[in-house]
2 protein chains.
Amino acid sequence: MDTKDLCLGVLTLGDASGYDIRKQLEQTFAHFMEISSSGIYPALKQLALQGLVTSTTIPQQGKPNKIVYSLTDGGRRALGLALAESDGRHKVQSEMLVMMFYAGLAPPEKLKSVLLARAAELEGYTAATKAWRDSDAVDQATPGQRFLAGYALAVMEAESKFLRSHVDDLIDEVEQDKSAIASSDAKKG
Amino acid sequence: MDTKDLCLGVLTLGDASGYDIRKQLEQTFAHFMEISSSGIYPALKQLALQGLVTSTTIPQQGKPNKIVYSLTDGGRRALGLALAESDGRHKVQSEMLVMMFYAGLAPPEKLKSVLLARAAELEGYTAATKAWRDSDAVDQATPGQRFLAGYALAVMEAESKFLRSHVDDLIDEVEQDKSAIASSDAKKG
DNA sequence: CATATCATGTAACCGGTTACATGATTCC
DNA sequence: GGAATCATGTAACCGGTTACATGATATG
């Protein structure tokens with residue numbers, strides 16, 4: 001499940017240029033599968049060589065020519081295979097949570113700003129997902145996409161609620177701990 | 001925030017060998033910050049060279065000598081700096097969710113097994129976290145660690161509840177979709 | 001008898017990330 | 001005038017992952 005598979009995936013939604021794929025990947029996939037955009041163009045070239053996509057070059061003025069890719073039957077099969085072979089691993093890499101584990105070593109204002117930024121981010125995603133769910137677009141979505149939206153809403157709301165209701169307590173406790181340690185240090189020294 | 005910083009972090013909890021750190025990182029950190037174990041030993045050597053840790057070699061019989069590392073003041077400062085400089089990014093890389101997005105392309109039994117395995121995994125973590133929260137160990141934990149446990153419980157319970165209550169519906173819908181497509185293909189063909 | 005635990009490490013590979021390069025048009 | 005959008009790419013680096021190597025003791 002690498003950059004190439006992700007490109008194949010986006011192409012199941014319709015023909016697209018590298019730029020289109022990049023936007024799609026940044027806007028809707030980045031929440032659960034991030035890749036770096038510069039890897040997309042080489043990946044598409046390789047896919048073309050392997051016959052998993054075909055490409056059509058559209059001349060442009062003042063910009064590089066647009067190259068529109070289409071999924072081939074082989075490409076669709078390759079994606080199906082990649083999905084069937086995937087172990088479905090769900091991996092979190094969170095510097096935020098590492099920071100929380102070592103909260104006593106970081107500046108309290110830093111903790112607060114990171115947590116509140118995360119809460120705001122989640123609330124933004126939540127609002128966007130709800131808007132989508134209540135729009136006409138949802139009727140054309142697949143069962144999997146609707147499931148994913150429901151999953152995202154459930155998890156994001158739980159997370160942002162927890163953050164909003166516990167951030168201040170955490171900051172208070174961290175600051176109390178710090179002053180307690182400082183005063184016991186003063187006694188010793 | 002790389003392997004070296006994570007090692008420094010574990011050493012704030014007390015002196016430890018590479019093996020100890022590895023276990024700690026696999027058992028309690030892996031849920032939110034995964035690194036590969038083989039990177040730990042070179043990382044510790046580098047940290048020793050930089051003076052961020054000191055090491056004591058303890059002779060062993062029938063095994064490689066044990067090397068116990070201790071955090072220096074410089075190491076503690078370096079970790080503080082790493083935390084202060086971190087943007088606290090929370091990143092999810094989930095093949096599971098990609099599979100859900102393209103649910104129509106994957107075998108339904110596969111979807112089901114991946115989702116149920118995830119639910120079971122979450123329930124295991126949840127039970128372990130609750131057991132910790134209700135044990136004596138929690139009294140020695142820092143505010144940050146208690147916050148992290150509360151966060152984990154809130155998020156994991158929301159996720160497993162959603163999965164348990166929606167998996168069957170998803171599988172049904174995917175199968176209905178498949179047979180609908182198959183019959184419309186039959187009409188065409 | 002086989003597997004898990006303890007305990008450390010090396011070497012090579014490969015893929016992702018970063019930084020760079022170009023340039024017209026449109027919006028604030 | 002500056003930033004954002006459209007549109008594609010290359011080159012180098014670096015770090016993480018995989019696979020491998022060793023071997024005793026305890027547990028089932």
Side-chain angles (χ1 to χ4, degrees), chain A residues 1-8 10-11 15-27 29-30 33-50 53 55-69 82 85-87 89 91-95 98, chain B residues 1-8 10-11 15-27 29-30 33-50 53 55-69 82 85-87 89 91-95 98:
Chain A
M1 187 78 77
D2 55 6
T3 304
K4 281 191 286 184
D5 294 323
L6 269 282
C7 290
L8 289 177
V10 174
L11 289 173
D15 295 354
S17 67
Y19 191 77
D20 296 334
I21 293 174
R22 186 181 133 191
K23 276 190 307 177
Q24 185 78 19
L25 253 21
E26 279 168 359
Q27 283 162 19
F29 280 67
M33 184 58 91
E34 209 172 316
I35 60 164
S36 69
S37 353
S38 66
I40 291 172
Y41 297 105
L44 286 167
K45 280 193 174 169
Q46 266 192 276
L47 288 171
L49 280 176
Q50 294 176 263
V53 302
S55 66
T56 313
T57 301
I58 298 171
Q60 304 267 115
Q61 297 165 326
K63 320 175 200 181
N65 289 335
K66 183 189 281 196
I67 306 172
V68 175
Y69 294 90
E85 277 177 348
S86 162
D87 56 4
R89 218 173 90 170
K91 186 169 146 185
V92 176
Q93 297 278 109
S94 175
E95 302 205 352
V98 175
Chain B
M1 187 79 77
D2 55 5
T3 304
K4 280 191 285 185
D5 294 324
L6 269 281
C7 290
L8 288 178
V10 174
L11 288 173
D15 296 354
S17 66
Y19 190 77
D20 295 333
I21 293 174
R22 185 181 134 191
K23 274 189 308 176
Q24 186 77 18
L25 253 20
E26 279 168 359
Q27 283 163 19
F29 279 68
M33 185 56 91
E34 208 173 315
I35 60 165
S36 69
S37 355
S38 66
I40 291 171
Y41 297 105
L44 286 168
K45 279 192 174 169
Q46 268 193 275
L47 288 171
L49 279 175
Q50 294 175 264
V53 300
S55 66
T56 312
T57 302
I58 297 171
Q60 303 268 117
Q61 297 165 326
K63 322 174 198 182
N65 290 335
K66 183 190 280 196
I67 306 173
V68 175
Y69 294 91
E85 278 178 347
S86 163
D87 56 2
R89 220 173 89 171
K91 186 169 148 186
V92 176
Q93 297 277 111
S94 175
E95 303 204 353
V98 175

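In the text below, chain A, chain B and the rest are named by the order of the sequence lines, each starting its count at 1.
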When you compare the protein's N or O atoms with those of nucleotides 26-28 of chain D, which come within less than 3.5 Å of each other, and at what distance?
none

Measure all distances between protein nitrogen or oxygen atoms and nitrogen or oxygen atoms of nucleotides 24-28 of chain C, and list the pairs falling under 3.5 Å.
{"unit_1": "C:dA24", "atom_1": "O4'", "unit_2": "A:Gly62", "atom_2": "O", "d": "3.1"}

Sequence neighbours excluded, the answer for side-chain contact (heavy atoms from CB on, under 4.5 Å) partners of B:Gln60 is B:Ile58, B:Lys63, B:Asn65, B:Lys66
Report the end-to-end axis angle of the helix from C:dC1-D:dG28 to C:dC28-D:dG1; each axis comes from five terminal pairs, and the value is rounded to 10°. 60°
Holding to side-chain contact (heavy atoms from CB on, under 4.5 Å), I want the full list of residues that pass it with A:Tyr41, two or more places apart in sequence or in another chain. A:Tyr19, A:Arg22
Would you compute the distance between atom CE of B:Met1 and atom OG of A:Ser94 and round it to the nearest 0.5 angstrom? 8.5 Å
Atom-to-atom span, CD1 of A:Ile58 to C1' of D:dA7 - whole angstrom: 12 Å
What pairs with A:Gln46 under side-chain contact (heavy atoms from CB on, under 4.5 Å), at least two apart in sequence or on another chain? A:Lys4, A:Gln50
Readout for nucleotides 10-22 of chain C: B = base within 4.0 Å of protein heavy atom, S = sugar-phosphate only, - = neither; 5' to 3' it is B-----SBBB---
Sequence neighbours excluded, which residues qualify as side chain to side chain donor-acceptor pair (under 3.5 Å) partners of A:Gln24? none
In whole angstrom, give the distance that lies between atom CD of A:Gln60 and atom C1' of D:dT5. 13 Å
Atom OG1 in A:Thr3, atom CG in A:Leu44: separation rounded to 0.5 Å? 10.0 Å
Rounded to the nearest Å, what distance is computed from the CG atom of residue A:Asn65 to the C1' atom of nucleotide D:dG9? 13 Å
Just how far, in rounded Å, is P of C:dA4 from NZ of B:Lys23? 16 Å
Distance in Å, B:Glu34 CD paired with A:Lys91 NZ, rounded so as to fall on 0.5 Å steps: 5.0 Å
Whole Å only: how far is the CG atom of A:Leu47 from the P atom of D:dG9? 13 Å
Euclidean distance, A:Ser55 OG relative to A:Leu47 CG, rounded to 0.5 Å: 11.0 Å
Whole-Å distance between C:dA4 P and B:Tyr19 OH? 12 Å
Write down the distance between CD (B:Gln27) and C1' (C:dT5), rounded to a whole number of angstrom. 12 Å
Please enumerate all residues that pass side chain to side chain donor-acceptor pair (under 3.5 Å) together with A:Ser36, with sequence neighbours excluded. none
Can you list everything that forms a side-chain contact (heavy atoms from CB on, under 4.5 Å) with A:Leu25? Sequence neighbours excluded, please. A:Leu6, A:Val10, A:Ile21, A:Phe29, A:Ile35, A:Ile40
Taking only residues two or more places apart in sequence, or in another chain, which ones meet B:Asp87 in a side chain to side chain donor-acceptor pair (under 3.5 Å)? none
Distance in angstrom units between B:Lys66 NZ and C:dC6 P, rounded: 9 Å
A:Asp5 side chain to A:Leu8 backbone, donor-acceptor under 3.5 Å: no
Which residues pass the side chain to side chain donor-acceptor pair (under 3.5 Å) test with A:Thr56, not counting sequence neighbours? none
